Structures are given as structure tokens and as C-alpha cells.
Amino acid sequence: MNIHNRDAAEAPDREAAAAALDVLRAWAGIASETEIAELDPAVARLLPGREVGNYPDLSRTYPENFKSDEAYRATLPDLQNGPTSLIRGAKEQIQHVGISNFRLPIRFHTRDDGDLTLETSVTGTVSLDAGKKGINMSRIMRTFYKHAERTFSFEVMANALDDYLSDLDSPDARIQMRFSFPARVESLRSGLSGYQYYDFALELVDHDGVREKIMHLDYVYSSTCPCSLELSEHARQARGQLATPHSQRSVARISVQSVPGSQCLWFEDLIELCRKAVPTETQVMVKREDEQAFAELNAANPIFVEDAARLFCEALQGDARIGDFRVVASHQESLHSHDAVSVLTQGPLFKAMSLDPKLFSTLIHHG
């Protein structure tokens, strides 16, 4: 009998594979489990009823004593660092990729030489080159934790950013930390005081070798409509009619660039700058004399949303520690069912033709 061997270089076709499968099934039907296991345990799944069998027999008990050594870790798959062929979608650079809102306690230094430990939400991102599949997200957290025990400043954030650039082999990197900063504020007339909480964010951006330090603050104040104030006074004078002007809780998001080499712009400094520009900040501790004082303060400082943007702008322009800046103001009207908003920018850092569709809806003070 002549046996014709298939050319070793010739790839088997489907017909050859089907014939081999029939042979394996026939053999598995008469072989013992030991024989099957010695050849290849996967052959058992060719038998009728064993197609979806639990091969191999897996342990269902958590291995508490198992330790992963370096050799074992080297065998673990890492799809994020896989070849370019694994990329799905367009092979384009991603400007921001990372993690958002991982929280941990961070110590912050205050202007009066004290430290505060505050719950902080951290966002860390890097840019991803077009030819890379992804990044190891956990490295961002591990890098940040390495520095988290130190009192945080932009210098310490810079150290973490340097580690990002090195560990993740990225040309750009960013860190943003959001927190609520407590400051004791005195009432207007009663002599009481209480804690006002200010939503801050510190941001450090490294792009094309240029590093920018940015501070964001949400400042909450009352805005009395100048038009409504004049109309109310007209009703009193012309007709003896009691009337009250409308005023509402308002929020300005102040974003400022720190001038390189300048003196420290403390959290308290930016708060006081905003309070000087628009003094009708919402109050913490209030007795009757404080409430009356607040009404008088609002009447002395009526502002449209345009006025608010320009008043904040004037104050920011007067501080040599501040470079580019952006003011986003929202007066959440008590007269209208809509809000009055304004955006004012100075310098190229914050200039943008397009706005986030939900930007103004985030300017809500939650108390």
C-alpha cells in the first residue's frame, strides 16, 4: 500500500482537518481517561456530552495562601501594552486618558502656616500616542500614592507628574486635585463666625515641555438685579407701593494661571480677591442684624452678570501673581426660569471658541 504524505510545507485544508477530527473522536471513544489526559486533556471535549464540560476541572476554592512571585507575574497577559494590531478604531493620538475621581486624604498647607487634611478627588491623565494600545491605569494611582504622604503643593504635584511621564512613557501629563477648603468667616454685624467651604481644584499640566500651574475656585455670592432695584424704588416713590428687587444665589468659577517664579497665591488670597471684587458672598452665621446688613450690602452692590465678570476681571488683572485667567459666572435667576451667564477670558490658555454643553449646569452650589 502506498502512503502519500502531504507536503509538510502545505497548510492543511478544512477537509483534512475534518478527517483528523473524526480520527480523534473515534480514538477518544475507546481510550481511557488516562490515555486522553496523556495525549491532551482537551480531546475529552470532543466526546458527545462533553463539549461544554468544565475542562480542566477548576478549583472553586479561593487560594488564600497563593503568592505571586516575579516569575509568575511575568506570565500574566498585558493587553494594554499589546501590539499596534490590537488597536480598535482609528489609530490616532488620544489627548487625555487616565483615571478620574479616585479619592484619598491629602494634607494642604495654609497661609497661616498650618496644615489641613482634606478628602481630595484626583484626576490623572496622560496623552497616548497613535501607535500605542493603551496605558496601565493603576500606575497613575500607584505613582500618586508614592507622594501622597507629603504636604501637597505644586512642587510635589510636579514630582508625581515627572513619574507619570517616565512610568507611562508619555509626552504629556496632567494632574487635577479637587477638594472643599474650609475657612472661618465672620458675620457682618453680630460678631458670630462659622466655616465657609470653598470648592477648589489645583491643576498641573505638562504639554510639549511647558508646565502650567492652574487654580480653580467656585465663589458663591448673592446678585441683586440693578434693574429690579430701580423699578422697586420707582414703585415706592411714584405710587407708595412696597416692592422688593429680585436677587439670587450666584456662582463664579474663577480659573487662574500662576505666573512662573511669582510668590505663592494662597487659597485664602484668591478667596479674598473674589470677596473684594464682589462683596455679597453668601453668609454662614446669621442673626437679624446680619440679615439686615446683608440686605443693605446687596442694595449697595447690585450687579448684572456682565458686571460680575468685569469686576472679577479687574481684581484678577491687579494681582501680579496671576497670568491668564477665565471667569465663568452664572446668576440663577429668581425672576426668570432660566439663568443669566457670562464668560470672560484673558490670555490664550483659557480661550476657546466652543464651550462644554453642560458647563453652566455645573455651577450649582450644593451646600
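Keep in mind the model is a prediction, meaning the values are calculated, not measured.
Counting non-hydrogen atoms of neighbouring residues, nucleotides and ligands closer than 6.0 angstrom, the CD atom of E296 exceeds 12 such neighbours. In R189, the CZ atom is crowded: over 12 heavy atoms of neighbouring residues, nucleotides or ligands sit closer than 6.0 Å. For K91, the NZ atom is densely surrounded, since the number of other residues' heavy atoms within 6.0 Å is greater than 12. The environment of Q317 atom CD is dense: over 12 non-hydrogen atoms of other residues, nucleotides or ligands sit within 6.0 angstrom. Sparse packing is recorded around CD of E291, with 12 or fewer heavy atoms of other residues, nucleotides or ligands lying under 6.0 Å away.
Ring-plane geometry between H109 and W266 is classed as tilted, the angle between the planes lying from 30 to 60 degrees on a 0 to 90 degree scale. Relative ring orientation between F181 and F200 is described as perpendicular, the plane-to-plane angle rising above 60° on a 0-90° scale split at 30° and 60°. Classification of the H336-H338 ring pair by plane angle, with boundaries at 30° and 60°, yields parallel.
Every residue meeting the salt bridge (Lys or Arg N to Asp or Glu O under 4.0 Å) condition with E119, not counting sequence neighbours, appears here in chain and number order: R103. For E155, the salt bridge (Lys or Arg N to Asp or Glu O under 4.0 Å) partners are K213, not counting sequence neighbours.
For the residue pair N298/T280, the side-chain donor-acceptor check at 3.5 Å is not satisfied.
Taking the charged nitrogens against the carboxylate oxygens, D169 and K132 do have a contact shorter than 4.0 Å, which makes a salt bridge. A salt bridge links R111 with D269: at least one charged nitrogen is closer than 4.0 Å to a carboxylate oxygen.
The closest side-chain heavy-atom distance from T123 to N101 is not below 4.5 Å.
Cluster annotation: I175 is not connected to I214 through the hydrophobic network of ILVMFWY side chains, with a link wherever side-chain heavy atoms come within less than 4.5 Å.
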